[in-house]
Amino acid sequence: MKALSAAELDRLILDATRAIPFGGLRSYGSLARQLGLPRGARRVARALAGNQDPDLPWHRVLRAGARIAFPPGSAGFAEQRRRLIAEGHRFVGARVIAVHSDADALDAALWSPDR
DNA sequence: GAAATGACGCGTT
DNA sequence: GAACGCGCCATTT
(Lines give C-alpha, C1' and ligand atoms only; values in the text may rest on other atoms or scores of the structure.)
Protein backbone atom coordinates (compact mmCIF):
# COMPACT_ATOMS: atom_id res chain seq x y z
CA MET A 1 0.00 0.00 0.00
CA LYS A 2 1.53 3.23 -1.10
CA ALA A 3 1.67 6.00 1.44
CA LEU A 4 -0.28 9.10 0.44
CA SER A 5 1.41 12.45 0.35
CA ALA A 6 -0.14 15.32 2.24
CA ALA A 7 -1.29 16.88 -1.01
CA GLU A 8 -2.85 13.64 -2.24
CA LEU A 9 -4.67 13.20 1.02
CA ASP A 10 -5.97 16.74 0.79
CA ARG A 11 -7.26 15.97 -2.68
CA LEU A 12 -9.01 12.82 -1.50
CA ILE A 13 -10.66 14.73 1.31
CA LEU A 14 -11.86 17.46 -1.03
CA ASP A 15 -13.13 14.86 -3.51
CA ALA A 16 -15.07 13.08 -0.78
CA THR A 17 -16.54 16.42 0.20
CA ARG A 18 -17.60 17.10 -3.39
CA ALA A 19 -19.36 13.73 -3.37
CA ILE A 20 -21.79 14.89 -0.69
CA PRO A 21 -25.13 15.41 -2.50
CA PHE A 22 -27.27 18.51 -2.25
CA GLY A 23 -29.00 18.44 1.10
CA GLY A 24 -26.62 15.80 2.42
CA LEU A 25 -24.64 16.11 5.63
CA ARG A 26 -21.42 14.52 6.85
CA SER A 27 -19.25 14.98 9.91
CA TYR A 28 -15.49 15.54 9.97
CA GLY A 29 -15.00 12.28 11.85
CA SER A 30 -17.26 10.27 9.55
CA LEU A 31 -15.50 11.65 6.51
CA ALA A 32 -12.12 10.87 8.04
CA ARG A 33 -13.07 7.27 8.82
CA GLN A 34 -14.31 6.78 5.27
CA LEU A 35 -10.81 7.70 4.10
CA GLY A 36 -9.11 5.38 6.57
CA LEU A 37 -8.22 8.00 9.17
CA PRO A 38 -9.96 6.86 12.40
CA ARG A 39 -8.73 9.90 14.34
CA GLY A 40 -8.36 12.22 11.40
CA ALA A 41 -11.19 14.66 11.99
CA ARG A 42 -8.76 17.52 12.48
CA ARG A 43 -6.89 16.48 9.38
CA VAL A 44 -10.12 16.79 7.40
CA ALA A 45 -10.79 20.22 8.87
CA ARG A 46 -7.28 21.26 7.87
CA ALA A 47 -7.92 20.19 4.28
CA LEU A 48 -11.17 22.15 4.08
CA ALA A 49 -9.53 25.22 5.59
CA GLY A 50 -7.00 25.27 2.80
CA ASN A 51 -9.35 24.58 -0.09
CA GLN A 52 -9.51 26.99 -3.01
CA ASP A 53 -12.43 25.57 -4.95
CA PRO A 54 -15.36 28.04 -4.77
CA ASP A 55 -17.76 25.25 -5.77
CA LEU A 56 -16.71 22.94 -2.94
CA PRO A 57 -19.76 22.16 -0.75
CA TRP A 58 -17.74 22.53 2.45
CA HIS A 59 -20.84 23.74 4.29
CA ARG A 60 -22.21 20.17 4.24
CA VAL A 61 -19.44 19.07 6.60
CA LEU A 62 -20.36 19.42 10.25
CA ARG A 63 -18.93 18.69 13.64
CA ALA A 64 -20.13 15.70 15.69
CA GLY A 65 -23.74 16.15 16.76
CA ALA A 66 -24.54 18.02 13.53
CA ARG A 67 -23.17 21.25 14.92
CA ILE A 68 -21.41 23.98 12.97
CA ALA A 69 -17.68 23.92 13.67
CA PHE A 70 -17.11 27.66 13.53
CA PRO A 71 -17.50 29.75 16.67
CA PRO A 72 -21.08 31.07 16.86
CA GLY A 73 -21.11 34.68 15.73
CA SER A 74 -18.10 34.32 13.44
CA ALA A 75 -18.26 35.06 9.73
CA GLY A 76 -17.75 31.40 8.88
CA PHE A 77 -20.60 30.38 11.12
CA ALA A 78 -22.99 32.82 9.47
CA GLU A 79 -21.90 31.81 5.99
CA GLN A 80 -22.26 28.10 6.61
CA ARG A 81 -25.66 28.53 8.24
CA ARG A 82 -26.79 30.64 5.30
CA ARG A 83 -25.74 28.00 2.78
CA LEU A 84 -27.36 25.16 4.69
CA ILE A 85 -30.62 27.04 5.06
CA ALA A 86 -30.44 27.64 1.30
CA GLU A 87 -30.45 23.84 0.90
CA GLY A 88 -33.59 23.52 2.97
CA HIS A 89 -32.12 22.73 6.37
CA ARG A 90 -33.27 24.18 9.64
CA PHE A 91 -31.43 25.23 12.77
CA VAL A 92 -31.70 25.04 16.51
CA GLY A 93 -28.83 27.21 17.67
CA ALA A 94 -25.66 25.75 16.17
CA ARG A 95 -27.34 22.39 15.58
CA VAL A 96 -28.52 21.51 12.09
CA ILE A 97 -31.78 19.68 11.58
CA ALA A 98 -31.90 17.85 8.26
CA VAL A 99 -35.33 18.38 6.75
CA HIS A 100 -35.66 16.43 3.52
CA SER A 101 -38.15 14.06 1.98
CA ASP A 102 -36.37 12.76 -1.12
CA ALA A 103 -34.79 9.31 -0.92
CA ASP A 104 -31.37 10.67 -1.74
CA ALA A 105 -31.32 12.62 1.49
CA LEU A 106 -33.02 9.92 3.55
CA ASP A 107 -29.55 8.80 4.44
CA ALA A 108 -28.70 12.20 5.80
CA ALA A 109 -31.97 12.43 7.67
CA LEU A 110 -31.28 9.22 9.54
CA TRP A 111 -27.58 9.73 9.76
CA SER A 112 -26.16 9.89 13.22
CA PRO A 113 -23.22 12.30 13.12
CA ASP A 114 -20.94 10.67 15.66
CA ARG A 115 -21.41 7.14 14.46
C1' DG B 1 12.93 20.65 19.14
C1' DA B 2 9.41 22.28 22.55
C1' DA B 3 5.10 24.85 22.88
C1' DA B 4 1.05 26.74 20.92
C1' DT B 5 -2.83 26.40 17.72
C1' DG B 6 -7.10 24.80 15.37
C1' DA B 7 -13.36 24.40 10.50
C1' DC B 8 -12.38 17.77 15.95
C1' DG B 9 -14.35 13.91 19.20
C1' DC B 10 -15.69 12.10 23.48
C1' DG B 11 -16.01 11.11 28.31
C1' DT B 12 -16.88 13.66 32.84
C1' DT B 13 -18.82 16.80 35.72
C1' DG C 1 -27.80 19.50 28.36
C1' DA C 2 -24.01 22.93 28.81
C1' DA C 3 -19.20 23.58 30.32
C1' DC C 4 -14.74 21.53 30.82
C1' DG C 5 -10.85 18.73 30.10
C1' DC C 6 -8.02 15.63 27.66
C1' DG C 7 -6.61 12.94 23.66
C1' DC C 8 -5.55 13.12 18.59
C1' DC C 9 -3.03 15.02 14.46
C1' DA C 10 -0.58 18.20 11.50
C1' DT C 11 1.07 22.80 11.07
C1' DT C 12 3.09 27.03 12.81
C1' DT C 13 5.68 29.82 15.97
Side-chain angles (χ1 to χ4, degrees):
Chain A
M1 203 28 210
K2 175 186 175 302
L4 299 86
S5 71
E8 289 175 317
L9 186 51
D10 276 355
R11 189 179 57 73
L12 283 178
I13 293 173
L14 296 183
D15 281 347
T17 302
R18 274 183 209 100
I20 305 174
F22 182 97
L25 298 172
R26 295 294 299 279
S27 71
Y28 293 90
S30 166
L31 209 43
R33 281 197 300 271
Q34 176 187 329
L35 299 174
L37 306 170
R39 271 84 201 163
R42 301 196 92 132
R43 184 65 188 74
V44 171
R46 181 98 206 93
L48 291 188
N51 102 87
Q52 303 179 20
D53 183 354
D55 293 330
L56 186 78
W58 56 267
H59 54 283
R60 296 173 190 155
V61 183
L62 303 171
R63 210 172 168 168
R67 291 167 190 289
I68 288 190
F70 291 103
S74 67
F77 184 97
E79 173 68 7
Q80 186 167 19
R81 184 177 61 178
R82 188 184 69 73
R83 292 193 182 205
L84 288 174
I85 288 177
E87 297 199 355
H89 294 293
R90 306 211 27 203
F91 276 80
V92 176
R95 208 222 231 85
V96 184
I97 308 299
V99 180
H100 280 284
S101 48
D102 43 319
D104 206 347
L106 180 59
D107 233 68
L110 299 177
W111 165 69
S112 193
D114 52 350
R115 263 270 46 222

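Convention: sequence-line order gives letters A, B, ...; per-chain numbering from 1.
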Query raised in the report: What residue among A/R82, A/E87, A/R81 forms side chain to side chain contact (heavy atoms under 4.5 Å, CB included) with A/H59?
Result: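 Between A/H59 and the candidates, side chain to side chain contact (heavy atoms under 4.5 Å, CB included) is satisfied uniquely by A/E87.
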
Whether the side chain of [X] engages the backbone of [Y] through a donor-acceptor N/O pair (distance < 3.5 Å, no angle test) should be reported.
| X | Y | answer |
| --- | --- | --- |
| A/H89 | A/G23 | yes |
| A/Q80 | A/V61 | yes |
| A/D10 | A/A7 | no |

Query raised in the report: Is any NZ, NE, NH1 or NH2 atom of the basic residue among A/R83 and A/E79 found under 4.0 Å from an Asp or Glu carboxylate oxygen of the other?
Result: yes

**Report entry** Non-hydrogen atoms of A/R33 and A/P38 that approach each other most closely
**Finding:**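 Closest approach of A/R33 to A/P38, heavy atoms only: CG-CA, 4.1 Å.
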
Requested in this report: Identify the heavy atoms of A/A32 and A/A41 that sit nearest to each other, and give their distance.
Outcome: CB-N, 3.8 Å

In whole angstroms, how far is the [atom2] atom of [N] from the [atom1] atom of [X]?
| X | N | atom1 | atom2 | value |
| --- | --- | --- | --- | --- |
| A/R63 | B/dG9 | CZ | C1' | 7 Å |
| A/L25 | B/dA7 | CG | C1' | 15 Å |
| A/R67 | B/dA7 | CZ | C1' | 15 Å |

Using atom types as modelled, flag every donor-acceptor pair under 3.5 Å from a side chain in residues 64-75 of chain A to any protein atom, sequence neighbours excluded.
from	atom 1	to	atom 2	distance (Å)
A/S74	OG	A/P71	O	2.7
A/S74	OG	A/F77	N	3.2

Query raised in the report: Taking DNA chain B as the partner, which of residues 70-84 of chain A come within under 4.0 angstrom of it by heavy atom?
Result: A/F70

Query raised in the report: How would nucleotides 5-13 of chain C be written as a contact map, 5' to 3', with B for base contact, S for sugar-phosphate-only contact and - for no contact, using protein heavy atoms under 4.0 Å?
Result: --BBSSSS-

